[in-house]
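All chains are named by letter (A, B, ...) in the order of the sequence lines, taking the proteins before the strands, and each is independently numbered beginning at 1. Only this structure's heavy atoms are used, side chains among them; waters, hydrogens and symmetry mates stay out.
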Protein chains: 2
Amino acid sequence: MDTPRTVSDEDFLRLDHQICFSLHAAARAFNSVYRTALKDLGLTYPQYLVMLVLWEHGELPVKRIGEHLRLDSGTLSPLLKRLEAAGYVERRRSAEDERSVTARPTPAGTALRERALGVPRRIAAATGLPLEEVRALRARLDELTTALDTAGSAALPGDCVPDD
Amino acid sequence: MDTPRTVSDEDFLRLDHQICFSLHAAARAFNSVYRTALKDLGLTYPQYLVMLVLWEHGELPVKRIGEHLRLDSGTLSPLLKRLEAAGYVERRRSAEDERSVTARPTPAGTALRERALGVPRRIAAATGLPLEEVRALRARLDELTTALDTAGSAALPGDCVPDD
DNA sequence: GGCCATTTAGTTGTGCACAACTGAATCGTG
DNA sequence: CACGATTCAGTTGTGCACAACTAAATGGCC
């Protein structure tokens, strides 16, 4: 097969350690900063993401929330129950389609939005990066996610190097 | 009302949704690709990271592994037990310091390394990015992690806005 | 030596992520 | 209409991440 350049598997194993780990570590570091920023609101970071979606769309079926966040019911069902127990979200079976359950913010959930307005600014400050760079990084990460998703759904050709 | 220069909290709330979420999604997408790539080896992604560290260093106390991966004993203790149960790792109390427990690959664990050599190449192919870009992205992520870590330990100034 | 703070693994409890499954509702096709 | 396939939420089980804690060993200090 074509070895584009002679990068040994040994080198790859070391490099790999750095790439994947960097992403892993960055995600956890972000999570940690959000944890402290959201503690006052009584939200975890994934719960905050769900609230962002609901604040924007008002009322959504679980399925739609999952599409926005790329999460399935196995993750969302218990999460939404906790948000309901906290009084921030209402759930009910849809009348038109009894299979579907819709979630929407309660008045308390809507009020929470006001207190959440300051959070993004604090996070942005914590990154120490100008907005432009953050935006560029986001674009790069989205490309990466798309590539990984398609590669994953394409059953991982394995030794097919991406020039085809 | 608001000019492009003064970014409103509303805008931030939307932008934030994209930035933090992009990182979150990218990390999960990576995790998913690793999951399939590592299934044959019987390793999860975090277990693979631990094995990478042990392959490189031979024998390490739990504490040192945690420093390499930024993980604490609450995460590593059960993970190492599972690696031990799988036969890839040996653990034993240090003779010099009875508090410390060291872990090292068993012969089976060392042999596993050969089968793991192909993994990074498959992951790199799945990203669809040239090595240079991956390297640049890694550097950017490491900067970000460092910034987030220091901001976190500095108790989050909160209202210290970068500028605008 | 005796005492106390620190270090180190480990445990417990909570929450997220995901695979695999269940069960009910719905849809499509004959 | 009937019936099989599909869709949807939920449950179960496994594993990771992390906070808060325990328990044992160590080291410093008087």
Sugar-phosphate only, base, or nothing, as touched by B:Pro78 at under 4.0 Å among non-hydrogen atoms: nothing
Sugar-phosphate, base or nothing in reach of B:Thr44, heavy atoms under 4.0 Å: sugar-phosphate
Which atoms of nucleotides 21-27 of chain D (N or O only) lie under 3.5 Å from a protein N or O atom, and what are those distances?
from	atom 1	to	atom 2	distance (Å)
D:dT26	OP1	B:Glu98	N	3.2

Quick test of your reading of the model: are [X] and [Y] salt-bridged, counting only N-O distances below 4.0 Å?
{"X": "A:Arg140", "Y": "A:Glu133", "result": "no"}
{"X": "B:Glu84", "Y": "B:Arg91", "result": "yes"}
{"X": "A:Glu98", "Y": "A:Arg93", "result": "no"}

B:Arg91 vs C:dG10: side-chain N/O to OP1/OP2 distance below 4.0 Å: yes
Side-chain donor/acceptor of A:Tyr88 to backbone N/O of A:Pro107, under 3.5 Å: no
Any side-chain donor near an acceptor of the partner, A:Glu59 and A:Thr102, under 3.5 Å: yes
Whether A:Tyr34 and A:Tyr48 hold their rings parallel, tilted or perpendicular, with breakpoints at 30° and 60°: tilted
Parallel, tilted or perpendicular: ring planes of A:His68 versus A:His57, cut at 30 and 60 degrees: tilted
Nearest listed nucleotide, side chain of A:Lys81, among C:dG15, D:dA9, D:dT11: D:dT11
Residue met sooner reading DNA chain D from 5', once A:Leu80 and A:His24 are mapped to nucleotides: A:Leu80
B:Val89 side chain near B:Arg104 side chain, heavy-atom distance below 4.5 Å: no
Atom-pair distance (CG on B:Leu38; P on D:dT14), nearest Å: 20 Å
Using nucleotides 18-22 of chain C, report all nitrogen or oxygen pairs with the protein that are shorter than 3.5 Å.
from	atom 1	to	atom 2	distance (Å)
C:dC18	OP2	B:Arg28	NH1	3.1

